[in-house]
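I have placed the structure first, in the form of structure tokens, so that the comments after it can refer back to it.
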Amino acid sequence: MPTTATAAPAPDPMGADRTLMPAPLTPEAIAHLEERARHVRLETIRLIAIAKVGHYSSTFSCAELFATLYYDAMRLRHGEPRWPDRDRFLMGKGHAAVGLYPLLADWGFFPKELLDGYTRLGNPLGDHPDMTKVPGVDFSSGSIGHALSAGLGMVMGGRMMGRRFDVYVMLGDGEMQEGQVWEAAMAAAHQKAGNLIAIVDRNGYQLDGQVDEVMGIEPLADKWRAFGWEVHEVDGHDVAALATLFRRLKQDKARDKPVCVIARTLKGKGVGYMEREAGWHLGYLAPEDEAAAIAEIMGQPTGLAILQGDAR
Amino acid sequence: MPTTATAAPAPDPMGADRTLMPAPLTPEAIAHLEERARHVRLETIRLIAIAKVGHYSSTFSCAELFATLYYDAMRLRHGEPRWPDRDRFLMGKGHAAVGLYPLLADWGFFPKELLDGYTRLGNPLGDHPDMTKVPGVDFSSGSIGHALSAGLGMVMGGRMMGRRFDVYVMLGDGEMQEGQVWEAAMAAAHQKAGNLIAIVDRNGYQLDGQVDEVMGIEPLADKWRAFGWEVHEVDGHDVAALATLFRRLKQDKARDKPVCVIARTLKGKGVGYMEREAGWHLGYLAPEDEAAAIAEIMGQPTGLAILQGDAR
Amino acid sequence: MTAANILAGPANPGSWQYRQLNARAPGLSYLSDALSALVEDGHLVMAGTADLQYSNGLARFAARHPDRFIQFGISEQNMVSAAAGIATTGVMPFVATFASFLGLLCCEQIRMDVAYSALPVRLIGHHAGIALGFYGTSHHATEDLAIMRSIAGLTVVNPADGPQLAAAIKASADHPEPIYFRIGRGQEPNVYEDLPDFRFGKAIEHETGTDLTIIACGTMVHPSREAVRALRASGLSIGLTDMHTIKPLDRDAVLAAAERSRIILTVEEHNILGGLGGAVAEAMAEAGTKAVLIRHGIRDEYSLVAPPTHLYRHYKLDAAGIETVVRDILA
Amino acid sequence: MTAANILAGPANPGSWQYRQLNARAPGLSYLSDALSALVEDGHLVMAGTADLQYSNGLARFAARHPDRFIQFGISEQNMVSAAAGIATTGVMPFVATFASFLGLLCCEQIRMDVAYSALPVRLIGHHAGIALGFYGTSHHATEDLAIMRSIAGLTVVNPADGPQLAAAIKASADHPEPIYFRIGRGQEPNVYEDLPDFRFGKAIEHETGTDLTIIACGTMVHPSREAVRALRASGLSIGLTDMHTIKPLDRDAVLAAAERSRIILTVEEHNILGGLGGAVAEAMAEAGTKAVLIRHGIRDEYSLVAPPTHLYRHYKLDAAGIETVVRDILA
Ligand SMILES: Cc1ncc(C[n+]2csc(CCOP(=O)(O)OP(=O)(O)O)c2C)c(N)n1
Ligand SMILES: Cc1ncc(C[n+]2csc(CCOP(=O)(O)OP(=O)(O)O)c2C)c(N)n1
Ligand SMILES: [Mg+2]
Ligand SMILES: [Mg+2]
């Protein structure tokens, strides 16, 4: 992805002297996570059809992240959204919540039928997640830039309560422009919040266009490092790479630096024209186009992978 | 200063391939700037005696910066506070305005007699500068963290008006903790605001104690570089070094990166016990202690320089 | 299906994307066009936004006057403070973002850098109220009028539609104070014809009545007018005033209405605390009017999520709802 | 003078430094002590501040319970959002900074992360009003009541003194809603004895009268009481109510006063728009009371700079000033 090309390749902060390499994922595990990511995309399409407007592309770029976190990395208990020792997940990019809801339902945090009323009057599921209404949502969002602070607060509160859980905060790359993110970044390093994991969905686009054109954020890894974080860069669509990285991070209990995972992704991943068109941040697919998108996600043998690679 | 020790020594961004070295300052010029810095300190003491509480130490740390900017670096016209082509000066650390007012009076921007009513009812001079009341104050402040944004706005406005002036923004090191500073830093680099010069008064202390203990900001130079700025580190009490640096910066008209000058200073510089006591951020000197402080500033031969060097 | 048509993208006219938002919210073009008109009349104005140029339609202005447009990215506070800096140089900036972010997130920057500094910055808070429907509370602004009204030295205007907005923007060229413009989502039907008369602080009396007078602002003027028509048609004596300027409030208009009518009903897409209802309450209580005030709006709660039209119906903020509210009061 | 005494630092008792602020503002110790009492009673509370531990005296709490104290540095917004995160884990956070920064700079974080999220965060805005005198507008908060009042789901309290603050903090341990506490600079004389009765939303009636009732809050209760004493001594029938909770407002207390008195005078260290005066106006206009409301406070302007006592005198917010205001009204 050209947008991150200016950053020097990151040395592996967990390399060499530590033996934190978990067993490789089985092909079945990988296939399962890939299937879950597809599920996120398909449900996103289904739910946005109800709302008639939504953030397809923002959700598609983090579908593998959702899948890996919720089906491999995070410690959760089925049907117990308020289990006090659960890992937490917060979304700075709350506008991708449409992809999260199906997973929360799958975890038994609320009845699946609620999904069918997405954004309808009286239903708790809106474009942005509301913790007071939706079991399993660890924090409300929608105003970009607050989530890392809230996540840090959870780390601090957990410490006072004598609990150690991991707190994952997914941020947009456009979100890097909000100053509060850097306040939280500085504070997390100062607080040695080793169990705080920020994930930047580096999909290259924000609302008004390419992040680098709207308001450049590179060299992003350098920024996080200069703010005292351990930084990892990873292909955000490679579930095996993601799962391996998150497992390694979980094993490293001695870490006293917060971790930033920069996940290189494609905004709109899975639907070719969305990957190529900045305008898809928000939009709506009429039923026929929806069918085509679904077919593509289900893996029509179109040779798209190559074409997508060239897309930008 | 141990607080900046973690930052790697900065390569000189203007070195080698550019010939921007101005003529060295004459001993007379240096003496003059030093005298002006002393003037800032003495006036600060005099004015705070009126208010009965004030920011001695915050002002003492930037006395040489005030002097060098106002008597060497900045383009100003005597008696013309609103000259449209003047260089601008903004204070993120507005609480040091008590040291600025005497210089503005000296430039003929308002009658010197106003100083005598500092902070008294009806007088325009308060602890923080108010641009609507005080001629020569380019922007109001007091809420830490806004000034760099406002300064960037001046650069942008100047561009639209077809004017090129330099905009100097003096920031506290505690101020680095405000997220808006990083919003502005990112935006200034994106806008290629080469005529924006941020000066961080790296005096090591904020209100509640040492910056590194309250909320660590190091490696500070790395942060600014990662945000796309040209960074210079300099002894903030060496008027010759400061003046030389600012002259070189002024000559470099081709620069398209904003510049951050990290001025290593001592909070309270000039009065020994203030240099050593974090508590002096805000305070009051009764007349006898004031007299001792004045004597020290006037240069009693006490061998203090060495002792001060050891102070922390 | 072939790879080709997948790659070609949606062909169906029912599909649309963010860049086409403008077309879906025709009311927004008034903003860009009014600003373009200022530029073309030789005014030194510029426009900026924080990653929302399609939401507020400023893309249209940016296309026409790229040298007068600044994109600030998702940094609203920097945008407002920078706008203040810009204003010091003699350029008049108009900066726009969702009212929730402008009126709440940037509230301190507005007080400090814009209002206290007395700089002629124009702040455009769009999609105010609950216009962002199922985007939820983060994107709703039902506090901004109360907040902006508490800030000294700021003019607060809530135009009823695009034409009135355009007139207000035109008038703003000579207005000495900074201004907060609160506008809707650009899908509201027009109340006025092009460039209606507009004076800051001068309310517009649509109808007078003795039973009850509605004082409405912003997006609530149109449905109130519809409601008033129906109510009058059924023989009730109902007045209607468009209080487009919340601050400075047109006290005379309030007192005249309170003199004539037994009941004043404020209607606003805002919390009933502190906004239009609050401002009218202050005027009435201070004058000791005989009339009683009833405030209609969002009743100090967080709105449900749903499409905006569903919410307007639910909260009785559409014509039928307002009519019901009045009938219930008079019953 | 020798090097030795220069190095020794000031010996004169008239000199003082920031760390001694606590001693100069005895009212602040109530904050730390009330929080310590909660800890010692076994409540899971913590306190935090943004580089102002001496200004608000939390240094005292921090010394006693270092494991329950978090220093956030100059990052107020991060502090508020982090406090919300902390609250999700079962710890009740009290976070304090100047009211200007808490009530204005953090207004959106308070709405989103605290109030909308319905988390039991306690926000302490100190040095509210014009208590920071010549520090100027950046440090004044004459808008915070209006702002906080517009936020749904937030209790807004403005205690009159240290003892009432302590009582309110104690009561807050079981209060379900998030709370904004607005307090002074800790140099106000006490109105109450230690741990007076306190119920959120229940005003305290000091005196009743028929000519005029003062409804005051926060730092204005003490001077109002002095003024009322003098006015009553000269034969006027003047009431006084301490409206410590601005939201939810004690409507009954307002209406009872408006029933008894011809005139209601609100007195607040705040803009007369949208704060206590605004809240009382809403209650009165809605009830259609016969009484007239007069609002006393900062008249929608930015305060001059001067030492606070000079400002209180100038703006008629001390006992003598309030007395004059009442006499002028009744003349
Ligand atoms: C504070 C704030 N400002 C503006 C918005 C409007 N907004 C919603 S999504 C978005 C773009 C986000 O881009 P990015 O962070 O890159 O997320 P992506 O969807 O690309 O993952 C914006 C500006 C918002 N939600 N919050
Ligand atoms: C937004 C904001 N928060 C808090 C304060 C209160 N305050 C005044 S000075 C100060 C410390 C500043 O430290 P630093 O930036 O290092 O400046 P120095 O005086 O050391 O130069 C603080 C917290 C403020 N003025 N503005
Ligand atoms: Mg993005
Ligand atoms: Mg400092």
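Atoms considered below: every heavy atom in the structure, side chains included; atoms not considered: hydrogens, waters and symmetry mates. The chains referred to below are lettered A, B, ... by the order of the sequence lines, with proteins before strands, and numbering in each begins at 1.
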Notebook entry, point to check: Salt bridge or not for A:Arg46 and A:Asp116, using N-O below 4.0 Å?
Noted result: yes
Check: Does the pair A:Arg202/A:Glu218 count as a salt bridge with the N-to-O cut at 4.0 Å?
Finding: yes
Check: Roughly how far apart are C:Asn22 CG and C:Ser32 OG, rounded to 0.5 Å?
Finding: 6.5 Å
Next item on the list: Over all heavy atoms of both residues, which pair between A:Gly136 and A:Phe109 is shortest? Give the atoms and the distance, please.
Entry: CA-CD1, 3.7 Å
Next item on the list: Please look at A:Ser140 and chain C and tell me whether the side chain, the backbone, both or neither of the residue comes under 4.5 angstrom of a heavy atom of that chain.
Entry: neither
Check: When you check the gap from the basic side-chain N to the acidic O, do A:Lys52 and A:Asp127 get nearer than 4.0 Å?
Finding: no
Checklist line | Euclidean distance, A:Ile217 CD1 relative to A:Asp173 CG, rounded to 0.5 Å | finding: 5.0 Å
Notebook entry, point to check: Non-hydrogen atoms of chain C under 4.5 Å away: do they reach the side chain of A:Leu121, the backbone, both or neither?
Noted result: both
Check: Parallel, tilted or perpendicular for A:Phe66 and A:Phe89, by the 30°/60° rule?
Finding: perpendicular
Notebook entry, point to check: So do C:Val95 and C:Ile124 actually touch side chain to side chain, heavy atoms under 4.5 Å?
Noted result: no
Notebook entry, point to check: Where on C:Leu52 is there a heavy atom nearer than 4.5 Å to chain A: the side chain, the backbone, both, or neither?
Noted result: both
Next item on the list: Heavy-atom distances under 4.5 Å only: say whether C:Phe101 touches chain A with side chain, backbone, both or neither.
Entry: side chain
Check: Heavy-atom distance under 4.5 Å to chain A: side chain of C:Ser100, backbone, both or neither?
Finding: neither
Check: How far apart are the closest heavy atoms of A:Tyr118 and A:Gly126, and which atoms are they?
Finding: CE1-O, 3.6 Å
Checklist line | Any donor-acceptor N or O pair under 3.5 Å, side chains A:Ser61, A:Asp201 | finding: yes
Item checked: Residue C:Tyr302 versus chain A: region with a heavy atom under 4.5 Å -> neither
Check: When only pairs under 4.5 Å are counted, which of A:Lys133, A:Gln180, A:His128 shares the most heavy-atom pairs with chain C?
Finding: A:His128
Notebook entry, point to check: Of all of C:Ser15, C:Gly136, C:Ala306, C:Ser138, which one pairs up most often with chain A through heavy atoms under 4.5 Å apart?
Noted result: C:Ser15
Check: Of all of A:Glu178, A:Glu277, A:Met215, A:Glu213, which one pairs up most often with chain C through heavy atoms under 4.5 Å apart?
Finding: A:Glu178
Check: Measuring heavy-atom distances to chain C, does A:Ala97 have an atom under 4.5 Å in its side chain, in its backbone, in both, or in neither?
Finding: neither
Check: Say you draw a straight line from CE of A:Met274 to OH of A:Tyr56; how long is it, rounded to the nearest 0.5 Å?
Finding: 6.0 Å
Next item on the list: Could you tell me which of C:Gln20, C:Gln77, C:Gln53 has the largest number of non-hydrogen atom pairs under 4.5 Å with chain A?
Entry: C:Gln53
Check: Residue by residue, which of residues 281-290 of chain A have a heavy atom closer than 4.5 Å to a heavy atom belonging to chain C?
Finding: A:Leu282, A:Gly283, A:Tyr284, A:Leu285, A:Ala286, A:Glu288, A:Asp289
